[in-house]
Number of protein chains: 2
Amino acid sequence: MAPDDTDRQSPAWTDPDCPVARTADLVGDRWSLLIVRDAMDGARSFTDFQQRTGIARNILTERLRRLTAHGLLTQVDAPSGRRRRYALTEAGKDLFPVIVTLRQWGERHAFEAGETHSVLVDGDGTRVPDLRPAGADGSPLTSDTTTVRRRS
Amino acid sequence: MAPDDTDRQSPAWTDPDCPVARTADLVGDRWSLLIVRDAMDGARSFTDFQQRTGIARNILTERLRRLTAHGLLTQVDAPSGRRRRYALTEAGKDLFPVIVTLRQWGERHAFEAGETHSVLVDGDGTRVPDLRPAGADGSPLTSDTTTVRRRS
DNA sequence: TCCGTTCAGTTGCAAAATGAAACCAAATGG
DNA sequence: CCATTTGGTTTCATTTTGCAACTGAACGGA
């Protein structure tokens, strides 16, 4: 990598006006999503991530750097001068609803009946309820009952 | 493309037990996410998608085929013997919560203060409220107050 | 202190995915 | 019937990904 490689980050957004597209630009790839997933589940070190995801190490290096550059992860020093570890920033933690909806969609549609899969549970061991968009009055919303208003 | 190309679909899952990973395998790339976004916003034809996303046409062909093969889109005939159009299946429409959380995260973290962006509104023109994970009792849940239980 | 190991990468190279552009055939429109 | 549009396919150059081998700084123990 050349000494001056401060560019690489955003060769401009795919679709600058759309929040979905911006988020997709930042974390819309398999490995970034799985890194965030694992960070939420307690992964902290390079090898934590490498072992859990099975990602190639050069790609992991690149992704950790990218997520850090974009403010989703930070590098923190462990208590006793030990090795650096990665931790989610507030913005990173705020991806929780995204990971949850990905998980819940997967549970509903990506498994055959009878296949087992991991489950997200709260402190009591209770399964986290399905997350569904709703209006201010609590009425369920779908893609048919909503629209995108451009540039507001 | 060779005449027999029925493989391509799933050279096995990245992480078969994890619903997040399965979903990421199916739609965890920028273009698939944007195609789903646009389908939810009314895109139906090849050129609808091409113009809205700006995706290369060969890639669009491949993605539409892939999403169709995985049951997120179907090809439907328009009323008057017109050209084929794509439409979201039930599974595809059920990605709505995923797109909404991606959008909302983007709104919160991917724009500078003062930058404008598109907004998702319901039939009344009211902005869709933030979607946040909550326990059965309605208490907010975060990545710190939940855990993944493997293979349940 | 010296030695071996683990960690966190880097480097080199092959394979796969992506993108731009040209090409093409079936529908549609006039 | 002809021109145009639509929905692709093909070709080729560029980028990204992945694998495997290598490196160098930190520990860890004898």
Side-chain angles (χ1 to χ4, degrees), chain A residues 1-3 5 7-15 21 24-35 38-39 43-69 73-87, chain B residues 1-5 7-15 24-35 38-39 43-69 73-87:
Chain A
M1 200 178 276
D5 208 52
D7 47 312
R8 183 71 82 265
Q9 41 238 211
S10 30
W13 303 107
T14 299
D15 181 352
D25 282 343
L26 295 176
V27 293
D29 75 276
R30 198 163 41 119
W31 295 131
S32 297
L33 290 170
L34 296 190
I35 288 167
D38 288 339
R44 292 289 173 268
S45 68
F46 188 89
T47 40
D48 280 353
F49 290 109
Q50 211 271 314
Q51 287 171 350
R52 297 200 200 198
T53 59
I55 188 176
R57 288 156 68 203
N58 53 347
I59 308 296
L60 177 57
T61 300
E62 200 268 339
R63 288 297 195 282
L64 289 174
R65 240 185 259 296
R66 220 164 92 79
L67 291 172
T68 304
L73 292 178
T74 23
Q75 303 217 127
V76 294
D77 292 307
S80 62
R82 291 190 119 254
R83 285 241 171 99
R84 281 274 172 82
R85 332 218 101 207
Y86 296 90
Chain B
M1 204 178 277
D4 60 326
D5 207 49
D7 48 314
R8 182 71 80 266
Q9 40 238 210
S10 31
W13 302 106
T14 298
D15 182 351
D25 282 343
L26 294 175
V27 294
D29 73 277
R30 196 165 41 121
W31 295 131
S32 296
L33 289 171
L34 296 189
I35 288 168
D38 288 338
R44 293 289 172 268
S45 68
F46 188 90
T47 39
D48 281 351
F49 290 109
Q50 212 271 314
Q51 288 170 350
R52 297 200 198 197
T53 59
I55 188 174
R57 283 144 54 108
N58 53 348
I59 307 295
L60 177 57
T61 301
E62 200 268 339
R63 287 297 195 283
L64 289 174
R65 239 184 261 295
R66 219 164 94 78
L67 291 172
T68 304
L73 292 177
T74 22
Q75 303 218 127
V76 295
D77 291 307
S80 62
R82 289 187 122 254
R83 285 241 169 106
R84 283 273 173 83
R85 331 219 102 206
Y86 297 90

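- Across the protein-nucleic acid pair, A:L64 atom CG and C:dA8 atom P stand 10 Å apart, rounded to whole Å.
- A 4.5 Å side-chain heavy-atom check between A:I55 and A:L34 finds every atom pair outside the cut-off.
- Axis angle across the helix from C:dT1-D:dA30 to C:dG30-D:dC1, with five pairs used at each end and values rounded to 10°: 30°.
- Going from atom CD1 of B:I35 over to atom P of D:dG7 covers 14 Å, rounded to whole Å.
- In this structure, CH2 of B:W31 is placed 10 Å from C1' of C:dG19, rounded to the nearest angstrom.
- Judged as a salt bridge (charged side-chain N to carboxylate O under 4.0 Å, His left out), and not counting sequence neighbours, the contacts of A:D15 are B:R37.
- Distance, A:F46 CZ to C:dA8 P: 7 Å, rounded to whole Å.
- Note on B:R30: a side-chain N or O is less than 4.0 Å away from OP1 or OP2 of C:dG19.
- For B:T61, the side chain to side chain contact (heavy atoms under 4.5 Å, CB included) partners at least two apart in sequence or on another chain are B:F46, B:R65.
- For the OP1/OP2 pair of D:dT9 and a distance below 4.0 Å, the side-chain nitrogens and oxygens of B:R65 include at least one atom meeting the criterion.
- Partners of A:Q51 under the side chain to side chain donor-acceptor pair (under 3.5 Å) rule, at least two apart in sequence or in another chain, do not exist in this structure.
- The side chain to side chain contact (heavy atoms under 4.5 Å, CB included) test applied to A:A43 returns A:D38, A:D48, A:F49, A:R52, not counting sequence neighbours.
- Between the C1' atom of C:dA17 and the CG atom of B:D25 lies a distance of 15 Å, rounded to the nearest Å.
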For this session: Evaluate side-chain hydrogen bond (donor to acceptor under 3.5 Å, both in side chains) for A:S32 paired with A:R66, printing each intermediate quantity in order.
Result: CA-CA 9 Å; A:S32 297; A:R66 220 164 92 79; 5.0 Å; no
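- The side chain to side chain donor-acceptor pair (under 3.5 Å) search around A:R44 returns none, not counting sequence neighbours.
- The phosphate of C:dC7 has neither OP1 nor OP2 within less than 4.0 Å of any side-chain N or O from A:Y86.
- Distance, A:D29 CG to D:dT15 P: 18 Å, rounded to whole Å.
- Between D:dT17 and A:R63, a contact under 4.0 Å exists linking OP1 or OP2 to a side-chain N or O.
- Under the rule for a side chain to side chain donor-acceptor pair (under 3.5 Å), A:T53 has no partner lying at least two apart in sequence or in another chain.
- Shown for residues 47-61 of chain A: residues whose heavy atoms fall under 4.0 angstrom of DNA chain C, namely A:T47, A:R57, A:N58, A:T61.
- Under the salt bridge (charged side-chain N to carboxylate O under 4.0 Å, His left out) criterion, B:D29 pairs with B:R63, not counting sequence neighbours.
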